[in-house]
Number of protein chains: 2
Amino acid sequence: MNKKPNLKDVAKVAGVSAITVSRVLSNPDKVSEKLRAKVEQAVHEIGYIRNHAASALASRRSGVIAVIIPSLSNIVFNDVLQGIYSAVKQHHLQVVLGDCHYSPLEEEKLIATLLSQSPEGFILTGTDQTDYARKLLKQSGIPIVQLMELSDSPIDMNIGFSHFNAGVDITNHLLQKGYRKLGFLGARMDTRTQQRLAGFKKAIADFHQPCQSYVVTTTQSSSIRLGGQLLQAVMAESQGQCDAVFCCNDDLALGALFESKRMNLKVPSDIAICGFNDLEASALVEPAITSVASPRFEMGQQAVELLMSAQGQDKHHRSPIDIGYRIVERAST
Amino acid sequence: MNKKPNLKDVAKVAGVSAITVSRVLSNPDKVSEKLRAKVEQAVHEIGYIRNHAASALASRRSGVIAVIIPSLSNIVFNDVLQGIYSAVKQHHLQVVLGDCHYSPLEEEKLIATLLSQSPEGFILTGTDQTDYARKLLKQSGIPIVQLMELSDSPIDMNIGFSHFNAGVDITNHLLQKGYRKLGFLGARMDTRTQQRLAGFKKAIADFHQPCQSYVVTTTQSSSIRLGGQLLQAVMAESQGQCDAVFCCNDDLALGALFESKRMNLKVPSDIAICGFNDLEASALVEPAITSVASPRFEMGQQAVELLMSAQGQDKHHRSPIDIGYRIVERAST
DNA sequence: AGATAAAATGATAGCGCAACCATTTTGACT
DNA sequence: AGTCAAAATGGTTGCGCTATCATTTTATCT
């Protein structure tokens, strides 16, 4: 096994100096067309691939951005990720991705690990990082974006929307439709879910008529199946009184919908169901499920753009960007 | 902004040499407890983070594995990815992930880019890489795993299952149930989908009784909505004769199921529906959908283990590993 | 043609770390 | 206490590349 070719090998084949090869790869317009062609030919011929570690070390630019999401299995972060990848492509960056499983401590470790890659930007989900994590991030001096929710005290930049407000709005939607015995079905209970629940409670507290609320939550991770179980739980707790449920996400809502059929409850006449995140399935089941839509793909894209535009700038503390949400009313309510 | 601390800074604070700090980070048991404690304290105090580029360059170990999947949005690869991440964690590796959008050319570019990270292993999806990509991969000398399907001529290692056989089996399942006018609904039409289709055709050709087949495919990417459209298309093409459909994945199958309700077709009496991949929703809709399950998470895990066990070994051309699949019969057929 | 600027190319040094080998310290034994 | 091996620690060097500056070539003008 002859060892991997390096710059010098290419230079020898092309009959130029090493530095010229380097330039062809990073600043092609600084090299005359003649040499460039020769070099490119040589590169392709011997299958040369630049050593990123050496390049990053010498240039002090890693061409990498770090991303941490709380869960790979949650399709919601997948959408964000797709936005990130689509934007990253334009900028010739690589992504190093971490999954912190909703744990700030795991996130702290991941942040340290990912920072070792000298990323040129860092995208985080949510706002509950540990103090040490914040210290490391600030010290790194790179631009940082916190995603999904809005923060009063972002580490650096911030883009997301108010889960509290969305919770208020969707609950008011149910109240306006005449439902008065509202259930909240919550799984995982991460900060965003908690904010939705807080919105739910606030809307009910502020309502001008008497109404009842039943809150059923679990720290288990969300799934369709769990949605069915939680629906049973809330019907048990309310002794069958509950006439509408706000599910903290569409997985639960779908599970609740399927379960309601098995329980012979008509949707929305016996029970209304609404979800959160507006997954594709929610629009296509029968009846279609009311949900809260947000531009996740765009949020991911914008996060990358924010990072890139902040490159080098010393001050990039624009105020948090509210990307908004939209209640999508459908037949289930 | 004081620049990022390096090994020497830590060494100064801890009152030891730089190399000792290095050892504490990579070989803690080679350092006496006393010094180790001092160093760890210093590291934490000044928030030192090792420069991965320099470390990789000096040690010739990047601690990175490269992964390319054809689509971030397809939940199937998400499952594999989770397996990969879970295994990678044990080995203290980082993943660099690329999404080639089902394009061998994009994949070739990605392979070149990712190889520049000097990964210690490479995980690819499928078996249709370009010649140049194969050249680069072989030249890199690192262990490589091709995932998902089985290949006669793998680049290196291979783990997956036979989509052709699965297509045959599921089609036979429909035939055994008495269906004789079978539709195939296919989206994307990547190599694995094509193999499923080939299996479908083979089973029908080999069947000992006359039966009819209707193949409706599109290169559009798969979605639930598209499943509904394809069901309409196959009913149109068969002039309402089609009595069972094999959908190339569960998204389409769900869409077909929802659409069949709108079309007032009873499942499975008017039309049987089966899918592929066995997503959670397939088991929970009414009627539940027959599908083909495969251990995707485990496949991802095993891929990483294969890479790790092949480290350094010159020969790791074990024969392809068939991880198998399972037909999950449900009410929809 | 000669003068000057601009573009193209090259030589050298150093990015931060770990491999390698040298040296010092410690412990185990007679 | 003295000997030796083993463990712990340190010094030097080079990984492969690019920033910086120096030099050469080319283009543009009078």
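Residue numbering restarts at 1 for every chain, and letters A, B, ... go by the order of the sequence lines.
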Using residues 294-302 of chain A as the side-chain source, report each donor-acceptor pair under 3.5 Å to any protein atom, sequence neighbours left out, with the distance given to one decimal.
residue	atom	partner	partner atom	Å
A:R296	NE	A:D79	OD2	2.9
A:R296	NH1	A:N277	O	2.8
A:R296	NH2	A:D79	OD2	3.0
A:R296	NH2	A:N277	O	3.1
A:Q301	NE2	A:S86	OG	2.9

Side chain to side chain contact (heavy atoms under 4.5 Å, CB included) between B:Q146 and B:Q129, intermediate numbers included: CA-CA 10 Å; B:Q146 288 167 295; B:Q129 285 76 31; 2.9 Å; yes
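- Each side-chain hydrogen bond (donor to acceptor under 3.5 Å, both in side chains) pair with one or both residues in residues 9-25 of chain A, not counting sequence neighbours, appears once here: A:S17-A:T20.
- Distance alone, capped at 3.5 Å, is enough to place a donor-acceptor pair between the B:N158 side chain and the B:E149 backbone.
- Using the six-membered ring where Trp is involved, B:F77 and B:Y102 have ring planes that are perpendicular, over 60° apart on the 30 and 60° scheme.
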Trace of the side chain to side chain contact (heavy atoms under 4.5 Å, CB included) decision for A:I123 with A:I69: CA-CA 9 Å; A:I123 296 179; A:I69 58 176; over 6 Å; no
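- Shown for residues 12-25 of chain B: residues whose heavy atoms fall under 4.0 angstrom of DNA chain C, namely B:I19, B:S22.
- Using a distance-only test at 3.5 Å, with no hydrogens or angles considered, a donor-acceptor pair links the side chain of A:E120 to the main chain of A:S62.
- Side chains of B:H163 and B:Q194: no donor on one and acceptor on the other come within 3.5 Å.
- Think of the region where chain B sits on DNA chain D: with heavy atoms and a 4.0 Å cut, that region ends 5' and 3' at D:dA8 to D:dG16.
- Comparing B:K34 and B:A54 along DNA chain D, the residue whose closest nucleotide (by nearest heavy atom) sits nearer the 5' end is B:K34.
- Scanning DNA chain C 5' to 3' for nucleotides with an atom closer than 4.0 angstrom to a non-hydrogen atom of chain B gives a first and last hit of C:dG16 to C:dA19.
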From CA spacing to verdict: side chain to side chain contact (heavy atoms under 4.5 Å, CB included), B:Y85, B:Q82: CA-CA 5 Å; B:Y85 269 87; B:Q82 283 179 62; 5.8 Å; no
Compile the donor-acceptor pairs under 3.5 Å between side chains in residues 33-40 of chain A and protein atoms, sequence neighbours left out, one pair per line.
residue	atom	partner	partner atom	Å
A:R36	NE	A:P28	O	3.3
A:R36	NH2	A:V31	O	3.4

